[in-house]
Structure formats: structure tokens, C-alpha cells
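Here is the structure we will look at, set down as C-alpha cells.
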Amino acid sequence: MRKYKGSIIAAAVLALCLAGWFAVSRMESSNRYNTETEREDAVNIGRDKIKMIEFESADDDFTLEQKDGKILLDGRDAVDEKTSEQLLKSLLKIDGRLIAENCSDDDLAQYGADNPAARVRYITENGETALSLGKATPSKTEYYVIRDDGAVFSVYMGSANALGTKRWQFMDMKLFSLPYEDIAEIKVEGSNAFTAVKQSAGVWKVSSENEGEYEVTDEKMRSEAGLYSENMFAKRAYRNTAERRAEYGLENPEGAVTFTGKNGASARFEFRVDRDKKEAAVIKNGGDTIYITVASYFGMSDIKKEDLT
């Protein structure tokens, strides 16, 4: 009887212990869950406090500056103002789950700090801070973002992607917009060079290095050479550097196309089409930007007399 009573007491003690362990486990689990869902600011800067933001990535380096109420891209107006404002807003507040603090360089390497996909430096009136875009988390739903004070955050991909913003996202990507009716001359340089000058509403005079002079109807010229004049957009853009020109073959362009309007204003595009004939790298008016656009925009460089007459 005594032995049986002792077994009951032991079972009761075990049940109490298990209940206590379960309660503590649930409390720890709940605390851990709450900790994981609490998010802190990796950066939170007022719009009026920012002076400059510097971007650095494998693709491009550029700066945004706020001056006299305007957003300047590398010292010039960021033409696409509405989009620029939206991008700036997403860059000035980035939050995430704090993973670690005061990490050494060796510790930070595991999060991708030694080879970040992008780095953004924020310069304000009171100082500066920087964020680096590291590796994706194991769940592939967030990125590690490393602040320059050694803090590491796990940031939702949608927010972290702001750190990888490209220069072209702040630009007006319209390469050329001139109504066909307002084009007075089209000049093509390259292996099949020619110049077409509008004579009247219905006729163009073409002078070709290879095929002499001939006339073309306005309808035919529009379909072959003026097709994209009112809707020429770039897909992305990079700073015009020697390395970029070499990468896209623009050290030796395969040709150039110049559109001149009735008012005398002109736009000259040096270009090189890629091997797949899908994209073309373009420099407009010898500027400091290389645009990547649709190859078919420059299909007129292959036009011959038989195509126009």
C-alpha cells in the first residue's frame, strides 16, 4: 500500500514538472517569437536632413544630392521627379530584425559583408552612416543588411532591394522623341552609310556612298527609317567609362544614326548591337551615359536602296 502511494506521489511530481517545463517552453517560445517579429530601424533619416546619398555596386557608382528642393543625380537634375521621390522615400527608412551588434570583420563575412551586392552611404548635416547589402537569408525571403557600426539586420527583400537601386531608375529613359513629320534629315554612318533629306511632304532625297542618289516616298521612309522616332526608350543605363565602352564594344561603334529636326536640333546615336541582335548599347550626343536599348531601333543601319524603292 505504501509503495503504491509513493508511486502516485512520484507520478504527480513528474506531472507537475512536465507542466512547468511545458509552460516555461511556451513562454520562451513566445518571447522568441516576439523578439523575431520586433523590427528596428537600420536607417531612418528625415527627408529634410539628407544632404547626399552615395551608391556603389558592381554595375555603377553614382550620387544623389538634395539641393534647393531638387534631387540631383551626379550633380544634374534627376529628371524623373515622381519616381525619384518614391525611391528616395524607400531608401531613407529601412528596418529589419536585429541579428547581431558590434561584429568584427570576420563575423560580418558570414553575412556577405566582405563582398556586398551594393553599398549605400547616407550623408546628413550631423554625420554619415552606411548600409551594405549582404547575402540572402537561409529562408530566401530576406537579405542581411550590414550597418557600418557592425550591426546586422535581416531585412525583407522588398525593402532591402532599395539598396540596389540603379542610376537609370532616377532618369528619364526616353532617348528620343520627335514626331516623324518634324524630321528633316536622317544620317546613317557605317558600312552602308547614307543621308536622307526631306524635300517635300511626299519625297526624300537619299545620297548613299555605295548606291548613289535616289528618291524615296515619304510613306516608305516612315516605315523603314522613321518607325521608332516618336517612341525610343532605353532599358537601363551606365556611366560612360572606358571599361564600359570596352565591355559593350563602343570603343569601335559599328555605326551611328543622326536625326535632325526642322528647327535644326539633332540627336546622334553611336551604337553597337549585341550578338543576339536583341539589344544595342548607345551613346547619345557623345554624352557621359551608355544606354542599353532595343536593337531594332537601329535597324535602319542595314537599309539599302532595294529596301526603300
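Just the heavy atoms: all of them, side chains too, but no hydrogens, waters or symmetry mates, feed the values below.
For the 3.5 Å distance criterion, the side chains of Glu142 and Ser154 qualify, holding a donor opposite an acceptor. The closest side-chain donor-acceptor pair between Tyr180 and Asp218 falls under 3.5 angstrom. One side chain, Thr129 or Asp148, offers a donor N or O that lies under 3.5 Å from an acceptor on the other.
Within the 4.5 Å cutoff, side-chain heavy atoms of Glu101 are placed close to those of Leu98. Two residues are said to be in side-chain contact when any heavy atoms from C-beta on lie closer than 4.5 Å; Val43 and Tyr122 meet this criterion. Put simply, the side chain of Phe233 does not reach to within 4.5 Å of the side chain of Val294, judged on heavy atoms. Taking 4.5 Å as the limit, some side-chain heavy atom of Thr195 sits within range of a side-chain heavy atom of Glu185. Residues Ser84 and Leu87 have side chains not in contact (no heavy-atom distance under 4.5 Å, counting atoms from C-beta outward). In this structure, the side chains of Leu64 and Met52 stay at 4.5 Å or more apart for every pair of heavy atoms. Contact of the Phe62 side chain with the Arg239 side chain is registered, since non-hydrogen atoms from C-beta on lie closer than 4.5 Å.
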> Which is it for Ile290 and Leu250 under the side chain to side chain contact (heavy atoms under 4.5 Å, CB included) test, yes or no, and what are the steps along the way?
Replying inline: CA-CA 9 Å; Ile290 293 175; Leu250 286 169; 3.8 Å; yes

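Side-chain N or O atoms of Asp114 include none that pairs as donor or acceptor with a backbone N or O of Asp105 at under 3.5 Å. A distance-only check finds a donor-acceptor pair linking the side chain of Lys262 to the backbone of Glu181 [under 3.5 Å]. Arg272 contributes a side-chain N or O that, together with a main-chain N or O of Asn252, makes up a donor-acceptor pair within less than 3.5 Å. Side-chain atoms of Asp172 come within 3.5 Å of backbone atoms of Lys174 as a donor-acceptor pair (strictly under, hydrogens ignored).
Look at Glu270 and Lys284 and you find no salt bridge, because none of the NZ, NE, NH1 or NH2 atoms lies under 4.0 Å from a carboxylate O. Ion pair Glu125/Lys51 not flagged as a salt bridge, since none of the NZ, NE, NH1 or NH2 atoms sits closer than 4.0 Å to an Asp/Glu carboxylate oxygen. Arg97 has no carboxylate O lying under 4.0 Å from a charged side-chain N of Glu38, or vice versa, which leaves the two without a salt bridge. Taking a cutoff of 4.0 Å between a charged side-chain nitrogen and a carboxylate oxygen, Glu211 and Lys305 do not qualify as a salt bridge. Note on Arg244 versus Glu247: salt bridge recorded, some NZ/NE/NH1/NH2 to OD/OE distance being below 4.0 Å.
Taking the six-membered ring for Trp and thresholds of 30 and 60 degrees, Tyr248 and Tyr238 have nearly parallel ring planes, at less than 30 degrees apart.
Aromatic ring centres of Tyr144 and Phe153 lie farther apart than the 6.0 Å criterion allows.
Within the cation-pi definition used here (under 6.0 Å to the ring centroid, within 45° of the axis), Arg39 qualifies as a partner of Tyr156.
The two residues Phe271 and Ala256 have their closest heavy-atom pair at CE2-N, 3.5 Å.
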